[in-house]
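To find a chain, count down the sequence lines: A is the first, B the second, and so on, and within it residues start at 1.
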Amino acid sequence: MRSLDDMLSASPWARELPDAERERIKASIVVRKVPARAYVCMKGEPVEHWIGVIDGLVKITCNGLCGKTTTFTGVASGGWLGEGSLLKKERRRYDVIALRDSRIAFMSRAAFQSLLDNNLAFNHFLLRHLNERLGQFIGMMEHERLLDIEARLARGLLSMFNPVLHPGIGRQLQISQEELGFLAGVSRQRVNRALRALAEAGLVRVEYGSVTVLDLEGLRNYGQ
DNA sequence: TCATTAAACGCGT
DNA sequence: ACGCGTTTAATGA
């Protein structure tokens, strides 16, 4: 995705907005470039924006007290995040960090609220979005308890290729094995081994700094 | 005993 | 400077 316009065109709620309304929303959005490793927003901040990933990749993450860090989910090109904190009127609960140079859209709280109050398509979108997320997180518990690490990594990858949550993602994902480890909750060495297994099964292609999905359905069924 | 992990190192990009 | 593969030593099931 190249521009805010592309991003809005890929967002079902924005596609159906009347032109004037769409322009009004667009005017409420600030676009900022965030370099790799920089914060998009920080835990504890007051929440003033809904956040969209126009281009790039970010992670929603949290640092434990004992120096550990975990990634709850990645958000790729075309994805929106932060609606939870916006709806609950609370401070930001998690850090959002760019995994590579990214272009990020910040929609004002007022614009978000007016869409919420006036636009049925937007409400449908939010429900669908929240439902996909909920499914992902329930699935995560299931997988953590029931699946081996290869299958868990397969599901972790799959979450990144969810077309509802990240309409702009292609088949290739630029992400390091270390970050995949944070995402799937396993060590880097184990990610490396598991990736080889998935590649061996013909489901992905592994390259320097990236993973390409060859068989989405196969990934979904991996380890039944 | 066996698998997994963090940390360290060296190599290639 | 970063990503990857490997070794090593510690951990724990």
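Of the charged side-chain nitrogens involved, none lies within less than 4.0 Å of a carboxylate oxygen, so that A:Lys59 and A:Asp95 do not count as a salt-bridged pair.
The hydrophobic cluster containing A:Phe182, built from Ile/Leu/Val/Met/Phe/Trp/Tyr side-chain heavy atoms closer than 4.5 Å, comprises no other residue. Cluster partners of A:Val164 are absent, since no Ile, Leu, Val, Met, Phe, Trp or Tyr has side-chain heavy atoms less than 4.5 Å from it.
Scanning residues 94-103 of chain A for heavy-atom distances under 4.0 Å to DNA chain C yields an empty list.
In this structure A:His129 satisfies the ring-ring contact (aromatic ring centres under 6.0 Å, His included) test together with A:Phe125, sequence neighbours excluded. Under the side-chain contact (heavy atoms from CB on, under 4.5 Å) criterion, A:Ala10 pairs with A:Met1, A:Pro167, sequence neighbours left out. Considering only residues two or more places apart in sequence or on other chains, A:Arg100 meets the side-chain contact (heavy atoms from CB on, under 4.5 Å) condition with A:Leu57, A:Gln174.
In this structure, A:Ser77 contributes its side chain and A:Ile169 its backbone to no donor-acceptor pair below 3.5 Å.
Listed by first and then second residue, the ring-ring contact (aromatic ring centres under 6.0 Å, His included) pairs that reach into residues 148-171 of chain A come to none, sequence neighbours excluded. Applying the ring-ring contact (aromatic ring centres under 6.0 Å, His included) test to residues at least two apart or on different chains, the pairs with a partner in residues 38-57 of chain A are A:Trp13-A:Trp50, A:His49-A:Phe106, A:Trp50-A:Trp80, A:Trp50-A:Phe112, A:Trp50-A:Phe122. Annotation: salt bridge (charged side-chain N to carboxylate O under 4.0 Å, His left out) contacts involving residues 108-124 of chain A, sequence neighbours excluded, comprise A:Glu48-A:Arg109.
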Under a 4.0 Å heavy-atom criterion, the protein footprint on nucleotides 7-13 of chain B, written with B, S and -, is BB---BB

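A side chain to side chain donor-acceptor pair (under 3.5 Å) with A:Glu150 holds for exactly one of A:Arg193, A:Arg196, A:Arg190; it is A:Arg190. Of the residues listed (A:Thr71, A:Ile97, A:Val40, A:Leu81), the one engaging A:Ile60 in a side-chain contact (heavy atoms from CB on, under 4.5 Å) is A:Leu81, and it is the only one.
Axis angle, first five pairs versus last five pairs of the helix from B:dT1-C:dA13 to B:dT13-C:dA1: 10°, rounded to 10°.
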Strictly under 3.5 Å: I want the nitrogen or oxygen pairs between protein and nucleotides 1-4 of chain B, one per line.
unit_1	atom_1	unit_2	atom_2	d
B:dT4	OP2	A:Arg193	NH1	3.0

